[in-house]
Amino acid sequence: MNHRWRIVVDDLSGAEVRALLQQHFAGMLANSPPGSCHFLDFGELQSDDVTFWSIWDDWILAGCGALKQLDPAHGEIKSMRVADSHRGQGAGHRMLMHIVAEAKQRGYRRLSLETGSGTAFADAQRLYTRAGFAECGAFADYRVDPFSCFMTMSL
């Protein structure tokens with residue numbers, strides 16, 4: 001398949017992006033208890049310390065991801081989601097590499113994330129591990145939780 005990828009800063013106003021995020025939120029809640037779900041809602045994704053991107057395959061939404069600044073040297077990946085139509089086609093990897101590059105450009109020395117620990121999150125964990133992330137302890141305001149997998153990488 002010939003892809004023409006575009007990654008753009010997104011204001012979350014488009015119906016397609018909002019629908020993908022709603023699917024993301026529902027997936028988190030279906031696979032982890034509510035108190036163990038740490039996704040940012042629409043308002044939080046639009047805060048000044050978060051940059052949100054969408055990735056497009058030509059004009060078809062393929063996924064999204066965000067970068068939250070925790071402090072001047074530490075960023076967190078948020079809201080990584082690939083549309084079902086684009087799973088296994090490289091959209092997640094491209095978005096992840098975009099976020100890593102942006103974190104480096106901002107001068108962060110560390111990039112971390114929280115994802116689920118269950119089998120529903122195995123693909124995400126593999127993606128992050130292949131990119132160089134390693135499991136770590138809870139960071140920022142997180143608490144140790146059996147439903148969470150914390151990962152980090154030095155930049």
Side-chain angles (χ1 to χ4, degrees), residues 1-34 36-47 49-70 74-106 108 110-136 139 142 145 147-153 155:
M1 181 173 258
N2 188 17
H3 299 282
R4 293 188 352 210
W5 300 111
R6 292 183 299 120
I7 298 176
V8 297
V9 173
D10 198 297
D11 65 4
L12 292 99
S13 64
E16 293 167 296
V17 169
R18 294 183 76 81
L20 181 61
L21 283 169
Q22 289 285 9
Q23 183 183 11
H24 177 62
F25 303 158
M28 299 300 101
L29 291 168
N31 290 288
S32 299
S36 296
C37 291
H38 304 289
F39 58 82
L40 299 179
D41 65 24
F42 290 111
E44 292 168 318
L45 284 169
Q46 293 174 313
S47 68
D49 60 349
V50 176
T51 305
F52 180 86
W53 294 274
S54 53
I55 182 169
W56 300 81
D57 180 359
D58 201 8
W59 298 103
I60 301 167
L61 180 62
C64 60
L67 177 59
K68 178 179 181 179
Q69 180 171 309
L70 299 176
H74 191 189
E76 179 183 4
I77 295 173
K78 300 296 293 182
S79 299
M80 282 280 298
R81 178 70 185 209
V82 173
D84 291 344
S85 63
H86 282 77
R87 290 181 61 89
Q89 297 181 37
H93 175 75
R94 286 182 185 277
M95 177 58 72
L96 180 58
M97 292 300 94
H98 178 81
I99 293 171
V100 169
E102 178 67 21
K104 288 178 180 177
Q105 183 177 351
R106 292 180 184 187
Y108 295 165
R110 184 172 163 208
L111 186 57
S112 302
L113 63 95
E114 181 275 339
T115 190
S117 62
T119 57
F121 303 97
D123 288 344
Q125 290 175 17
R126 276 191 296 278
L127 173 69
Y128 298 131
T129 300
R130 283 193 311 262
F133 285 83
E135 287 192 40
C136 65
F139 62 91
Y142 291 105
D145 182 332
F147 293 96
S148 288
C149 174
F150 301 104
M151 303 182 87
T152 195
M153 75 176 339
L155 301 175

Working to the nearest 0.5 angstrom, can you tell me the gap between [X] [atom1] and [Y] [atom2]?
X	Y	atom1	atom2	value
Ser47	Phe52	OG	CZ	12.5 Å
Leu67	Leu70	CG	CG	8.5 Å
Ile99	Ile77	CD1	CD1	5.5 Å
Lys104	Glu102	NZ	CD	12.5 Å
Phe121	Ser148	CZ	OG	9.0 Å
Arg81	Phe39	CZ	CZ	11.5 Å

So which atom in [X] and which in [Y] form the shortest heavy-atom distance, rounded to 0.1 Å?
X	Y	result
Arg94	Ile7	O-CD1, 3.8 Å
Leu61	Glu16	CD2-O, 3.4 Å
Met153	Ala131	CE-O, 3.3 Å
Leu20	Ala83	CD1-CA, 3.9 Å
Met95	Met80	CG-SD, 3.6 Å
Cys37	Ser32	SG-O, 3.6 Å

Polar contact flag, side-chain donor to acceptor under 3.5 angstrom, Thr51-Arg106: yes
Side chains of Tyr108 and Glu76, donor plus acceptor under 3.5 Å: no
Taking only residues two or more places apart in sequence, or in another chain, which ones meet Trp56 in a ring-ring contact (aromatic ring centres under 6.0 Å, His included)? none
What residues form a ring-ring contact (aromatic ring centres under 6.0 Å, His included) with Tyr128, not counting sequence neighbours? Phe133
[X] side chain near [Y] side chain, heavy-atom distance below 4.5 Å:
X	Y	value
Asp84	Gln23	yes
Asp41	Leu21	no
Trp53	Asp10	no
Lys78	Val50	no

Only counting residues at least two apart or in another chain, list the ones meeting side-chain contact (heavy atoms from CB on, under 4.5 Å) with Ser112. His74, Arg110, Phe139, Thr152
Is there a donor-acceptor pair closer than 3.5 Å between any side-chain N or O of [X] and the backbone N or O of [Y]?
X	Y	value
Asp58	Ile60	no
Gln125	Gly116	yes
Gln46	Asp11	yes

In chain order, what residues pass the side-chain hydrogen bond (donor to acceptor under 3.5 Å, both in side chains) check against Asp123, with sequence neighbours excluded? Arg87, Arg126
Go through the structure and list residues passing side-chain hydrogen bond (donor to acceptor under 3.5 Å, both in side chains) with His38, not counting sequence neighbours. none
So Asp57 and Trp5, side chain to side chain contact (heavy atoms under 4.5 Å, CB included) or not? Walk me through it. CA-CA 5 Å; Asp57 180 359; Trp5 300 111; 3.9 Å; yes
Which residues satisfy the salt bridge (Lys or Arg N to Asp or Glu O under 4.0 Å) test with Glu114, sequence neighbours excluded? none
